[in-house]
Colleague: 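This is the structure I have questions about; it appears just below.
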Amino acid sequence: MEGRYKLVFPYRNDFRKTLIPYLKNLSAENWRKVHPNYSNNVAWVISHVATSEAFWIKEIAFDKKSKLTVDAFSTPGEIIKAYEEIRMETDVILNSLEPEQFDQLIEVPTFSDGWIPPSVPTIRWVFQHVYGHEAYHIGQLAIIAHLNGFEKPLF
């Protein structure tokens, strides 16, 4: 069975088909490069995307403890593994949902910067938020690669 989620978010892993092979071939040096005019690097972006997905899906939406412990100082292999594993866990959760559950409200924490969701926070919204957040940060990788003079992902 392919799973119901393919009908709801069929695009959710499209970026990863190009990105994961790119990341696996990127040198450890390029994972860590930081340009003087842009503070983030590849390690920060991918670890941030993975930990954010764990936070929003597991902890906020489904009140489960996340086991993810990677950060920008983890090895590229550890970061890629976490990035892949959290999506597999997210897919299992997504596939377990009944259609009516997507409209269930979730409680979003109060953030110190005053950020609030741009629309009513539901289960559907949190999945859309995670996938949109990932797309946003993946766009940063081309900027990071360009500024630091290494090959960009082919999106």
Colleague: Are Leu23 and Ile143 linked, directly or through other ILVMFWY residues, by side chains that come within less than 4.5 angstrom of each other?
Modeller: yes
Colleague: Look at the side chain of Arg16 and the backbone N and O of Tyr83, then say whether any donor-acceptor pair between them is shorter than 3.5 Å.
Modeller: yes
Colleague: Under the 4.5 Å side-chain heavy-atom rule for ILVMFWY, direct or indirect, which residues accompany Met88?
Modeller: none
Colleague: Return yes if some donor-acceptor pair links the side-chain N/O of Ser96 with the main-chain N/O of Ile93 below 3.5 Å, else return no.
Modeller: yes
Colleague: Distance-only, no hydrogens or angles: does the Tyr22 side chain make a donor-acceptor pair with backbone N or O of Lys17 under 3.5 Å?
Modeller: no
Colleague: Quick check: is Phe102 connected to Tyr11 through a chain of hydrophobic side chains (ILVMFWY, heavy atoms under 4.5 Å apart)?
Modeller: yes
Colleague: Compare every heavy atom of Arg32 with every heavy atom of Asn41, then report the nearest pair and how far apart it is.
Modeller: ND2-O, 3.3 Å
Colleague: Flag yes if more than 12 heavy atoms outside Tyr38 fall under 6.0 Å of its OH atom; otherwise flag no.
Modeller: yes
Colleague: Return a table of donor-acceptor pairs under 3.5 angstrom between the side chains of residues 69-80 and protein atoms on other chains or two or more places apart.
Modeller:
{"unit_1": "Asp71", "atom_1": "OD1", "unit_2": "Phe73", "atom_2": "N", "d": "2.8"}
{"unit_1": "Asp71", "atom_1": "OD1", "unit_2": "Ser74", "atom_2": "N", "d": "3.3"}
{"unit_1": "Ser74", "atom_1": "OG", "unit_2": "Asp71", "atom_2": "N", "d": "3.0"}
{"unit_1": "Ser74", "atom_1": "OG", "unit_2": "Asp71", "atom_2": "O", "d": "3.3"}
{"unit_1": "Thr75", "atom_1": "OG1", "unit_2": "Glu78", "atom_2": "N", "d": "3.1"}
{"unit_1": "Thr75", "atom_1": "OG1", "unit_2": "Glu78", "atom_2": "OE1", "d": "3.3"}
{"unit_1": "Glu78", "atom_1": "OE1", "unit_2": "Thr75", "atom_2": "N", "d": "2.8"}

Colleague: Are Trp31 and Leu147 connected in a single hydrophobic cluster, I mean Ile/Leu/Val/Met/Phe/Trp/Tyr linked by side-chain heavy atoms less than 4.5 Å apart?
Modeller: yes
Colleague: When clusters are formed by joining ILVMFWY residues with side-chain heavy atoms under 4.5 Å apart, either directly or through shared neighbours, do Ile138 and Val34 land in the same one?
Modeller: no
Colleague: Are any side-chain N or O atoms of Asn95 and backbone N or O atoms of Asp91, one a donor and one an acceptor, separated by less than 3.5 Å?
Modeller: no
Colleague: Does the pair His146 and His35 meet the rule for a ring-ring contact (aromatic ring centres under 6.0 Å, His included), with working shown?
Modeller: CA-CA 10 Å; His146 175 76; His35 190 273; 9.1 Å; no
Colleague: List the steps, then state whether side chain to side chain contact (heavy atoms under 4.5 Å, CB included) holds for Val108 with Trp56.
Modeller: CA-CA 9 Å; Val108 175; Trp56 282 103; 3.8 Å; yes
Colleague: Look only at the side chain of Asn30 and the backbone of Leu26, and say whether a donor-acceptor pair between them is shorter than 3.5 Å.
Modeller: no
Colleague: Thinking salt bridges, do Glu53 and Arg87 make one under a 4.0 Å N-O criterion?
Modeller: yes
Colleague: Is the ring pair Trp44/His48 parallel, tilted or perpendicular, if the boundaries are 30 and 60 degrees?
Modeller: parallel
Colleague: Parallel, tilted or perpendicular: which fits the ring planes of Trp115 and Phe111, with parallel below 30° and perpendicular above 60°?
Modeller: perpendicular
Colleague: In terms of side-chain geometry, is the basic nitrogen of Glu89 or Lys64 positioned less than 4.0 Å from the acidic oxygen of its partner?
Modeller: no
Colleague: Can you give me the closest heavy-atom contact between Pro153 and Leu141, atom names plus distance?
Modeller: CG-CB, 4.2 Å
